[in-house]
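Whatever order the structure lists them in is the order used to number ligands and atoms, beginning at 1. Since we're looking at a predicted model, the values are computed, not measured.
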Amino acid sequence: MVELRSDTFTLPTESMRKAMAIAEVGDDVWDEDPTIHRLQDRAAEMVGMEASLFVPSGTMGNLCALLSHARAGDEVIVEIDSHIFQNEVAGAAVVGGLQLRPLDSESGRLQPEQVLGAIREPDIHEPRSALLCLENTHNRKGGTCLSPNQTAALCAVAHQAGLKVHLDGARVFNAAVAQRVDVRELTAPVDSVMFCLSKGLSAPVGSMLAGSVDFIERARRMRKMVGGGMRQAGVLAAAGLCALTEMVDRLTEDHANARRLAEGLQGLSGINVDIGRVETNMVFGECRPPVTARHFIDRCRTVGVLLDQASAYRWRMVTHRGVTSEDVDYAVGAIRRLFVEPSTAALRATG
Ligand SMILES: *Cc1c(COP(=O)(O)O)cnc(C)c1O
């Protein structure tokens, strides 16, 4: 099977398994796990922040960030297809009493003027604008990147009006590698950043939340509140350290494979590939009615290619360490054959 559903399917490396086996551990709720300390120090340094916190998931990292930056009744500006707005079970509203204010954008890149227009003046009738959330890379808009300049311009507008900025950087290392910039150029202007160890970086579990010492102190309390205080989690942090030291540079391979995949699938009569948005490790595309994404995905599964549904007609493929360029060539060939075989006439007839 060629696993293109998500980079979360990456398995821990040999070196992670070894590091996990010998990791020095302690009770991290008591802040006494030396391996977690090493991971948190390393992560903070890599993204240029004072401190960081190991959290069980990206979703929890984002929630802790929102809870630490804003209070019940505040408004948080987000992009309409952001993970925080679409895929985090309304945690900000349920747990934090926060109101999310979604803004649409062309390719996941909010415009500074648009954010400025959404920031509220103090008024007894209105919620307080407290926080702006950015997403880099932007998942549902295609794995697209914000540049250092775009990030800085958005932060300037928010900071000028007294808002904090949180970056959902689940795949911020993909963004850095793709643009050939130090990740700090993408994180320096924001007040906090979350990134995942468990996606393209291949660790089995965990994400990091980074920011100022004060912010991380609040986030640590919030993590405990939402049930994310872990004990001898140094066994997991050990894998996270390998992820940060050994897995970042190789993301370029995933990006090259995504491009190869997108180019290979171009020109088929039944599907459109969003080739213009292939900037990192994701390829999105659309089926032409009446063929639905579900139908296409089911057909692909029969030839050993797994992909994910994005909406009724949209689908997503994600490259990662578990997908080689040979796998990509196989997937392209298998999918192209689907469009010419008589048994799959429905796919073909839609062209
Ligand atoms: C995956 C993802 C998250 C959440 O991470 P989990 O570890 O799956 O909870 C947050 N934001 C973005 C953009 C993501 O892609």
Side-chain angles (χ1 to χ4, degrees), residues 3-12 39 43 47 52-67 76 78-92 94-95 100 102 105 107-110 131-146 151 165-176 178 183 186-187 190 192-210 219 222-223 226-228 230 233 236-237 239-240 243-244 247 251 254 258 277 279-284 308-310 316-320:
E3 179 58 82
L4 295 168
R5 285 177 296 176
S6 178
D7 47 8
T8 56
F9 283 89
T10 44
L11 299 174
L39 173 63
V47 295
S52 88
L53 186 68
F54 184 47
V55 289
S57 70
T59 300
M60 190 186 285
N62 281 336
L63 180 58
C64 290
L66 267 60
L67 295 173
V76 178
V78 295
E79 203 276 343
I80 198 162
D81 282 320
S82 64
H83 198 276
I84 290 174
F85 189 60
Q86 299 284 355
N87 300 100
E88 300 191 1
V89 212
V94 175
V95 186
L100 298 183
S105 76
S107 47
R109 295 180 262 260
L110 292 172
L131 180 68
L132 167 67
C133 293
L134 305 177
E135 187 171 309
N136 197 11
T137 63
H138 196 295
N139 183 341
R140 290 169 71 100
K141 289 257 161 80
T144 48
C145 300
L146 279 173
T151 307
V165 181
H166 171 66
L167 173 61
D168 177 348
R171 297 184 181 80
V172 74
F173 286 101
N174 292 85
V183 71
L186 303 172
T187 56
V190 304
S192 61
V193 54
M194 182 286 289
F195 63 88
C196 294
L197 301 167
S198 58
K199 293 184 171 166
L201 301 183
S202 301
V205 177
S207 294
M208 304 305 300
L209 178 60
M222 294 302 122
R223 183 185 68 173
V226 298
M230 297 185 287
L236 301 173
L244 288 183
M247 294 290 125
L251 293 173
D254 301 342
R277 284 196 189 168
E279 298 177 19
T280 56
N281 68 330
M282 294 186 183
V283 180
F284 279 70
D308 189 27
Q309 183 162 6
R316 182 186 79 164
M317 299 179 185
V318 186
T319 56
H320 53 80

- Query: Does the side chain of Asp81 pick up a donor-acceptor pair with the side chain of His138 at under 3.5 Å?
  - Reply: no

- Query: Which ligand 1 atoms does Gly58 reach within 4.0 Å, using its non-hydrogen atoms?
  - Reply: 4 (C), 5 (O), 6 (P), 7 (O), 9 (O)

- Message: Can you tell me if Met60 contacts ligand 1 (heavy atom of the residue under 4.0 Å from the ligand)?
- Response: no

- Counting N and O atoms only, with roles assigned by atom type, does the side chain of Asp168 sit under 3.5 Å from a partner on the main chain of Ala170, one being a donor and the other an acceptor? yes

- Task: Have a look at Lys199, Met282, Met194, Glu135 and point out the one with the heavy atom closest to atom 3 (C) of ligand 1.
- Result: Lys199

- Output the list of atoms in ligand 1 that are nearer than 4.0 Å to some heavy atom of Thr59, sorted by atom number. 4 (C), 5 (O), 6 (P), 9 (O)

- Task: Report the residues that fulfil ring-ring contact (aromatic ring centres under 6.0 Å, His included) with Phe54, sequence neighbours left out, ordered by chain and then residue number.
- Result: none

- Run down the list His83, Arg171, Gln86 and name the one with the heavy atom closest to atom 10 (C) of ligand 1. His83

- Item | Ionic contact status for Glu135 with Lys141, cut-off 4.0 Å | no

- Of all heavy-atom pairs linking Cys145 and Arg109, the shortest is O-NH1, 2.6 Å

- Message: Show the atoms of ligand 1 that are less than 4.0 angstrom away from any heavy atom in Ala170.
- Response: 2 (C), 11 (N), 12 (C), 13 (C), 14 (C), 15 (O)

- Item | Residue part near ligand 1, for Asn62, under 4.0 Å between non-hydrogen atoms | side chain

- Message: If the cut-off is 4.0 Å to any non-hydrogen atom of Ser57, which atoms of ligand 1 fall inside it?
- Response: 7 (O), 9 (O)

- Item | Atom indices of ligand 1, in the order listed, that fall short of 4.0 Å to a heavy atom of Cys196 | 5 (O)

- Task: List the steps, then state whether side chain to side chain contact (heavy atoms under 4.5 Å, CB included) holds for Arg140 with Asn87.
- Result: CA-CA 10 Å; Arg140 290 169 71 100; Asn87 300 100; 3.6 Å; yes

- Starting from atom 11 (N) of ligand 1, find the nearest protein heavy-atom neighbour and note its residue, name and distance. Asp168 OD2, 2.6 Å

- Item | Partners passing salt bridge (charged side-chain N to carboxylate O under 4.0 Å, His left out) against Glu3 (at least two apart in sequence or in another chain) | Arg5

